[in-house]
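See below for the structure under consideration.
Predicted model only: the values in this text are computed from it and were never measured.
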Amino acid sequence: MAKQISDLKLGILGGGQLGRMLIQEAINYNLTTLILDPDTDAPCKHLANYFECGSITDFDTVYNFGKKADIITIEIEKVNIEALEQLEKEGKLVYPQSRVIRLIQDKGVQKQFFKENNIPTAPFQLVNTKEDMRNSYIPFPYILKQRKDGYDGKGVMKINNIEDIDNAFDAPCLIEELVDFEKEIAVIVSRNPNGEMKTFPMVEMEFNAEANLVEFLISPSTYPESIQERAEVIAKNIATSLNITGLLAVEMFVTKTGEILVNELAPRPHNSGHQTIEGNYVSQFNQHLRAIFNLPLGDTRATNNAVMINLLGEKNHTGVAKYKGLEKVMAIDGVYVHLYGKKYTKPFRKMGHITIVDQNREKAIEKANYIKETLKVIS
């Protein structure tokens with residue numbers, strides 16, 4: 001790129017916590033950041049050089065915003081693709097590319113992409129009506145996912161029997177065979193326009209079943225090297241098949257028989273990479289910037305054991321957020337607090353994350369369990 005990185009304007013669609021952490025990294029490169037978000041109190045509002053309150057799904061708003069930037073990126077997939085396509089036609093750099101976002105916006109298209117590219121994934125069927133579900137060849141119980149607009153556990157439900165279909169989503173969906181998995185894992189891969197590619201070490205995830213959100217993430221994994229290598233190869237194969245520029249988070253299952261199946265993709269910084277800020281030589285946010293500005297990719301190795309906890313709003317609490325137990329948590333060695341600048345809490349809303357770094361993996365997990373019991377987001 002002829003211009004220096006510090007001469008360029010980075011437009012980010014979405015002003016939530018991912019955009020916020022991206023800006024925190026962009027500041028180190030003297031980058032000018034522009035944010036578009038529909039929330040007047042978005043977490044990025046006071047950090048960006050330019051903040052615009054507006055819809056990220058409206059053609060004109062996205063198109064006019066994009067014209068102000070040199071490079072456009074996203075922190076959420078639900079954006080207006082047509083505006084991004086038009087901007088690309090006019091010579092703007094959009095990373096990840098609009099065609100990648102289009103594919104990932106629709107879980108049905110995503111699944112078909114896996115099938116066509118021999119990427120291991122659970123058997124599935126696309127359905128449009130409840131009648132299609134009743135006639136499905138996939139056995140009960142199965143997982144039903146809305147093809148569009150599902151995120152953070154929303155738009156996903158388990159269908160146990162034919163009676164459950166009465167309460168199913170009334171929208172285009174996909175049915176997925178229920179995977180008897182041992183662990184959910186993730187690999188984040190980065191790729192720049194030169195085709196240079198690097199993966200972050202595989203991480204293991206623990207879920208909050210009630211919220212269907214990642215509650216706990218452990219890095220690096222203790223799975224055998226052979227499984228970790230296989231997961232990294234799968235992630236790289238997907239990034240190559242997509243010809244993506246930027247970051248790609250690949251969420252996968254390890255089955256009880258040692259198979260690896262791809263669950264979903266996210267073409268952006270991701271919840272499964274927050275621990276990289278303190279736990280790796282380069283963070284996922286720094287790596288995303290390196291990738292989209294076509295700079296050499298950083299060293300992704302873990303420097304230590306790291307456990308990340310999502311800080312979710314407590315059940316039965318809606319209102320101005322208060323952080324109970326924060327001082328107790330900050331008194332512990334190796335604990336890093338990241339609050340997302342959200343004024344209001346509600347049940348299971350992501351309000352922040354905590355990373356615990358320790359040379360001893362078990363101690364890091366022990367501290368994480370204590371923090372989980374001690375630090376509460378209440379109203």
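The CZ atom of Arg361 sits 14.0 Å away from the CD atom of Glu366 when rounded to the nearest 0.5 Å. Expressed to the nearest 0.5 Å, how far CZ of Phe285 lies from CD of Glu25 amounts to 8.5 Å. To the nearest 0.5 Å, atom CG of residue Leu8 and atom CG of residue Asn30 are 12.0 Å apart. Put simply, CE on Met252 and CE on Met205 are 8.5 Å apart, with the number rounded to the nearest 0.5 Å.
Lys111 and Thr121 form a side-chain donor-acceptor contact under 3.5 Å, judged by distance and modelled atom types alone. Counting only N and O atoms by type, the side chains of Lys342 and Gln17 include a donor and acceptor under 3.5 Å apart. In this model, no donor atom of one side chain and acceptor atom of the other lie less than 3.5 Å apart for Asn80 and Asp58. Counting only N and O atoms by type, the side chains of Tyr63 and Glu90 include a donor and acceptor under 3.5 Å apart. Side chains of Glu88 and Ser98: a donor on one and an acceptor on the other come within 3.5 Å.
Ring geometry, Tyr340 versus His353: the interplanar angle falls from 30° to 60°, so the pair is classed tilted.
Looking at Arg20 and Glu75, no side-chain N of the basic residue comes within less than 4.0 Å of a carboxylate O on the acidic one, giving no salt bridge. Between Asp166 and Arg134 there is a salt bridge, since a side-chain N of the basic residue sits under 4.0 Å from a carboxylate O of the acidic one. A salt bridge between Lys343 and Asp41 is absent, with no side-chain N of the basic residue lying under 4.0 Å from a carboxylate O of the acidic one. Salt bridge present: Arg102 and Glu82 bring a charged side-chain N and a carboxylate O closer than 4.0 Å. Note on Lys145 versus Glu264: salt bridge recorded, some NZ/NE/NH1/NH2 to OD/OE distance being below 4.0 Å. By the 4.0 Å N-to-carboxylate-O rule, Lys324 lies too far from Glu314 to be salt-bridged with it. With respect to Lys130 and Asp170, no salt bridge is recorded, no charged nitrogen being found less than 4.0 Å from a carboxylate O. The pair Lys9-Asp70 does not meet the salt-bridge criterion, since no charged nitrogen lies less than 4.0 angstrom from a carboxylate oxygen.
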With a 3.5 Å cut-off and sequence neighbours excluded, list the donor-acceptor pairs that the side chains of residues 220-229 form with protein atoms.
residue: Ser221; atom: OG; partner: Glu204; partner atom: OE2; Å: 2.7
residue: Ser221; atom: OG; partner: Tyr223; partner atom: N; Å: 3.0
residue: Tyr223; atom: OH; partner: Glu182; partner atom: OE1; Å: 2.6
residue: Gln228; atom: NE2; partner: Ser221; partner atom: O; Å: 3.2
residue: Gln228; atom: NE2; partner: Tyr223; partner atom: O; Å: 2.8

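Connection of Met330 to Ile371 is established within a shared hydrophobic cluster, with ILVMFWY side chains joined at heavy-atom distances below 4.5 Å, either directly or through further cluster members. If you chain together hydrophobic residues whose side chains sit under 4.5 Å apart, Ile159 and Phe169 fall into the same group. Phe59 is connected to Ile72 through a chain of hydrophobic side-chain contacts under 4.5 Å among Ile, Leu, Val, Met, Phe, Trp and Tyr, so both are in one cluster. Taking hydrophobic clusters as Ile, Leu, Val, Met, Phe, Trp and Tyr residues chained together by side-chain heavy-atom distances below 4.5 Å, Val250 does not share a cluster with Phe253.
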Exercise. Do His46 and Phe51 pass the ring pair (Phe, Tyr, Trp, His ring centres under 6.0 Å) test, and can you show the C-alpha distance, the side-chain angles, and the key distance before you say yes or no?
Worked result: CA-CA 8 Å; His46 300 296; Phe51 177 81; 8.2 Å; no

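When Leu31, Ile12, Leu10 are each tested for a side-chain contact (heavy atoms from CB on, under 4.5 Å) with Ile23, only one passes: Ile12.
Partners of Asn160 according to the side-chain hydrogen bond (donor to acceptor under 3.5 Å, both in side chains) rule, which considers only residues two or more places apart in sequence or in another chain, are Asp164. Residues passing the side-chain hydrogen bond (donor to acceptor under 3.5 Å, both in side chains) test with Tyr142: none are found, sequence neighbours excluded.
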